[in-house]
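Here is the structure we will look at.
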Amino acid sequence: MNTQDNDKLGASLKDYYHRKSLSADSVERLLAQAKTEKSATSLTTIGFRRPLVGLAWVASLFVLVMGAQFFYHQQSHQNNLTALVLEEIAMNHNKKLDAEYMEMEPEALRMAMQRLDFPLNLPADIQRDFQLVGGRYCSIQGGLAAQLKVRNRATETVSTLYVTALTEKLARIEEQQVLQGSVDIQLWQQQGRFFGLATDAALVSRDDSQGKNME
């Protein structure tokens, strides 16, 4: 093949591949298409993540609500328990039942009331302010309890002192002094026992007034 033929063949090949190459417009169209497809992929990914974020937020809110409901339930249960104990003590106090065992010493009364499985030794402040008169059996929230009559050493006012074993349920009741109807009630826990001291509110007011006058 001579030189002239070679030149013709080269020109023909160049022209062929030039026609087969992409034009500038074609390249721009391809780039635009690729950009569009990338954006669509990004939106799909974001759209996939958003439900996950939403589900996590809902789960957190659910846990928060459940926690609040549990706390409210526990608080409501404790308040109801305290109210029931106060009502029970006030009701028994208002019956003014006589003591069945007339003993003025805690140990002697404990020996007489053999069904009790807890001691009747009185707290120091109760021994200081009150004289034991006697006692009888009763119950607090279904548990066996002692209902003791005690007389105020200074005013001769008679109060009712309730003593029972400190159960897990009663242990949730906080120390307090409240007015339940016409009865002043003090609740506290000491030495593995639960105590409730009930006094007619009118007598408490009278004793307080007398004490202030003496001062």
Side-chain angles (χ1 to χ4, degrees), residues 71 73-208 210-212:
F71 175 79
H73 174 75
Q74 290 294 99
Q75 189 66 32
S76 177
H77 179 72
Q78 180 173 333
N79 291 340
N80 289 338
L81 174 62
T82 302
L84 289 173
V85 170
L86 290 171
E87 183 179 354
E88 196 169 12
I89 288 177
M91 179 185 66
N92 286 327
H93 174 75
N94 286 328
K95 289 180 179 179
K96 308 297 183 185
L97 298 175
D98 294 331
E100 295 179 345
Y101 303 90
M102 304 300 295
E103 297 289 350
M104 301 183 69
E105 295 299 328
E107 185 59 32
L109 183 59
R110 171 66 183 81
M111 292 180 63
M113 302 178 68
Q114 297 182 2
R115 290 169 52 195
L116 300 179
D117 58 356
F118 51 85
L120 288 181
N121 55 301
L122 305 181
D125 55 342
I126 295 295
Q127 294 186 53
R128 181 191 66 230
D129 298 335
F130 296 89
Q131 172 62 56
L132 178 63
V133 176
R136 62 184 294 123
Y137 293 110
C138 71
S139 65
I140 295 179
Q141 289 300 289
L144 184 63
Q147 180 178 332
L148 311 181
K149 280 189 176 296
V150 293
R151 180 179 288 110
N152 191 295
R153 296 182 186 275
T155 65
E156 296 297 317
T157 298
V158 176
S159 300
T160 308
L161 178 65
Y162 297 85
V163 189
T164 189
L166 184 63
T167 62
E168 182 180 351
K169 182 165 63 173
L170 294 177
R172 296 198 297 267
I173 298 179
E174 299 178 355
E175 179 177 340
Q176 56 192 285
Q177 180 174 0
V178 298
L179 184 64
Q180 180 74 17
S182 61
V183 183
D184 180 87
I185 301 177
Q186 300 178 48
L187 302 178
W188 75 95
Q189 306 166 18
Q190 189 172 343
Q191 298 176 337
R193 292 169 296 167
F194 182 82
F195 291 88
L197 180 63
T199 308
D200 292 344
L203 298 179
V204 173
S205 300
R206 186 196 67 184
D207 293 343
D208 291 342
Q210 289 179 353
K212 291 179 180 179

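Since the model is a prediction, treat every value here as computed from it, not as a measurement.
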Legend entry - Residue pair Leu132 / Leu148, side-chain heavy-atom distance below 4.5 Å: yes
Inset, instruction - Using a 4.5 Å cut-off on heavy atoms from C-beta on, say whether the side chain of Thr160 contacts that of Asn92. - result: no
Legend entry - Under 3.5 Å donor-acceptor, Gln186 side chain and Gly196 backbone: no
Inset, instruction - Determine whether more than 12 heavy atoms belonging to other residues, nucleotides or ligands lie under 6.0 Å from atom CE of Met111. - result: no
Legend entry - Under 3.5 Å donor-acceptor, Ser139 side chain and Gly142 backbone: no
Inset, instruction - Please determine, by modelled atom types, if Asp184 and Gln177 share a side-chain donor-acceptor pair under 3.5 angstrom. - result: yes
Inset, instruction - Report yes if some heavy atom in the side chain of Leu187 is under 4.5 Å from a heavy atom in the side chain of Ile173; otherwise report no. - result: yes
Legend entry - Six-ring centre of Phe130, Arg151 cation under 6.0 angstrom, axis tolerance 45°: no
Inset, instruction - For the residue pair Thr164 and Gln141, establish whether any side-chain heavy-atom pair is separated by less than 4.5 Å. - result: no
Inset, instruction - Please tell me if the side chains of Thr82 and Gln176 come closer than 4.5 Å, counting only heavy atoms from C-beta onward. - result: yes
Inset, instruction - State the CE-CZ distance between Met102 and Arg136, to the nearest 0.5 angstrom. - result: 11.5 Å
Inset, instruction - Indicate the atoms forming the closest heavy-atom contact of Ala112 with Tyr101, along with that distance. - result: O-CE2, 3.7 Å
Legend entry - Any donor-acceptor N/O pair, Tyr162 side chain to Ile89 backbone, under 3.5 Å: yes
Legend entry - Main-chain N/O of Leu116 paired to Arg110 side chain as donor or acceptor, under 3.5 Å: yes
Inset, instruction - Check Phe118 against Ala146 and note the closest heavy-atom contact, atom names and distance. - result: CZ-N, 4.0 Å
Inset, instruction - Could you walk me through whether Thr167 and Phe194 pass the side-chain contact (heavy atoms from CB on, under 4.5 Å) test, one step at a time? - result: CA-CA 8 Å; Thr167 62; Phe194 182 82; over 6 Å; no
Legend entry - Flag side-chain contact, heavy atom, 4.5 Å: Gln131 against Met104: yes
Inset, instruction - Over all heavy atoms of both residues, which pair between Ala171 and Gln189 is shortest? Give the atoms and the distance, please. - result: O-NE2, 3.1 Å
Legend entry - Carboxylate-amine/guanidinium contact Lys96 Asp200, below 4.0 Å: yes
Inset, instruction - Please lay out, stage by stage, how Tyr137 and Gln147 fare under the test side-chain contact (heavy atoms from CB on, under 4.5 Å). - result: CA-CA 6 Å; Tyr137 293 110; Gln147 180 178 332; over 6 Å; no
Inset, instruction - State, yes or no, whether a side-chain contact exists between Val178 and Leu86 at a heavy-atom distance under 4.5 Å. - result: yes
Legend entry - Nearest heavy atoms of Leu109 and Gly134, plus distance in Å: CD2-C, 4.1 Å
Legend entry - Exam field: side chain Arg115 to backbone Leu144, donor-acceptor pair closer than 3.5 Å: no
Inset, instruction - Flag the pair Val183 / Thr199 as yes when at least one side-chain heavy-atom distance between them is below 4.5 Å, and no otherwise. - result: no
Legend entry - Minimum heavy-atom distance between Arg172 and Leu81, given as atom pair plus value: NH2-CD2, 4.2 Å
Legend entry - N/O donor-acceptor pair under 3.5 Å between Gln127 side chain and Leu122 backbone: yes
